[in-house]
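All ligand and atom numbering here is 1-based and tracks the order in the structure.
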Amino acid sequence: MSRSWAELDISNLRHNVNVLQGLLPSSCVLMPAVKANAYGHGAVEISRELNACGVRAFCVAAVLEGVELRKNGIKGEILVLGYTHPEDFYMLEKYRLTQTVVDYSHAVTLNSYGKKIMVHVAIDTGMRRLGERSENIDKIVDIFKCKNLIINGIFTHCNVMDSRKSSDIDFTNDQVHKFYDVLGQLKLRGFKLPKVHMQSSYGVFNYPHLSCDYVRVGIALFGMLSTRKDTESYNTGLRPVLSVKTRISAVKTVSRDEPVGYGLAFMAECDMKIAVLAIGYADGIPRGLSCGVGYVLINGQKAPVVGRICMDQMMVDITGNKGVKQGDIAVVIGESEGAIITACEVAEQVGTISNEILSRLGKRLERHLINAELQHASVI
Ligand SMILES: *Cc1c(COP(=O)(O)O)cnc(C)c1O
């Protein structure tokens, strides 16, 4: 049995695919973001299941993430969202990956590689990250004239689609107009429009009507939004895919006034019982949960973190929890006898978003698939 592991509920993943697809016009399909090891879930495991339920397009951040998917037999279009250096262009060709054109100068470099390369063109409409600026229509047109670029897509990324504040909605609508304007200009000049995409997870909920071919969903596919508040108030019906569980390595008693862990940061105020867990910050458990900030669930009861979280281990208080023994399971994220701790809650405890908690989960966690028996049934 494993030391510590991530359980992936495949029936929940399929449910989320259906929920999200159901919110979109039928001409628009999911292009899941499986970057950062599918937000810590396991890129190969998740992409394989998505392939099995009919998903035919993915996005990753880095060319090597795309290579890993291809080496593991993932089918369909794989878009690399980030910059790729010319030294790595051969991988795009060898593994049939699609590269994002991050701006005009990148297009020139990609075009001069000498072989045909599949691309999507990024347009910057206000994020000021990647993409040729939407105002530079002449440069965008020049990108479209590049002979060696097979342009299969054009997209923009919006930076406040998650907000329902009216000034943010104005900003987003302006981005949408700038993007559609670029598309109009291209059509006017006789170019056939490739696949169009602009929404990520929040875009599906706040701007479902936008006319696009793909949506780049990340966090929602994994069953939540970025914060606990949003996850509750949007009432999406999405179900979390991942749980994180670990083994209790040891149970021991600690006497009053004895310290526990590094830095003597915790001092027992009374006689207590602690459990040592086989998971630490190298597995992605935030060290900020140390000393009572966070807790785990054991037999449905909360066990607060005692002392500082170590690289590979952590200690929790089980004083009030009878019958806990070596080899038992502790739940770090997920459900334990009806009690639940969510990734959003962990994120809130350390002042971040669920995306960060999930994407930093370590490679050392084994990935266990559960409820996967229908894996070859087509859902879409
Ligand atoms: C990560 C990413 C996404 C997915 O974002 P979510 O908010 O997790 O859905 C979409 N588009 C781009 C460009 C990204 O980098």
**OP:** Walk me through it: do T342 and E335 pass the test side chain to side chain contact (heavy atoms under 4.5 Å, CB included)?
**Re:** CA-CA 8 Å; T342 64; E335 194 244 294; over 6 Å; no

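The salt bridge (charged side-chain N to carboxylate O under 4.0 Å, His left out) with D283 is formed by just one residue from the set K363, R3, K245; it is R3. Remark: of the listed residues N371, L369, L221, L8, L221 is the sole one forming a side-chain contact (heavy atoms from CB on, under 4.5 Å) with L13.
Once rounded to the nearest 0.5 Å, the distance linking CG of N206 with CG of D162 reads 7.5 Å.
Contact check for H197 versus T156: no side-chain heavy atoms found under the 4.5 Å cut-off.
Within a 6.0 Å sphere centred on CZ of R128, heavy atoms belonging to other residues, nucleotides or ligands number more than 12.
If you look at ligand 1, the protein residues with a non-hydrogen atom under 4.0 Å away are A33, K35, Y39, L81, R129, H157, S200, S201, R216, V217, G218, I219, N355.
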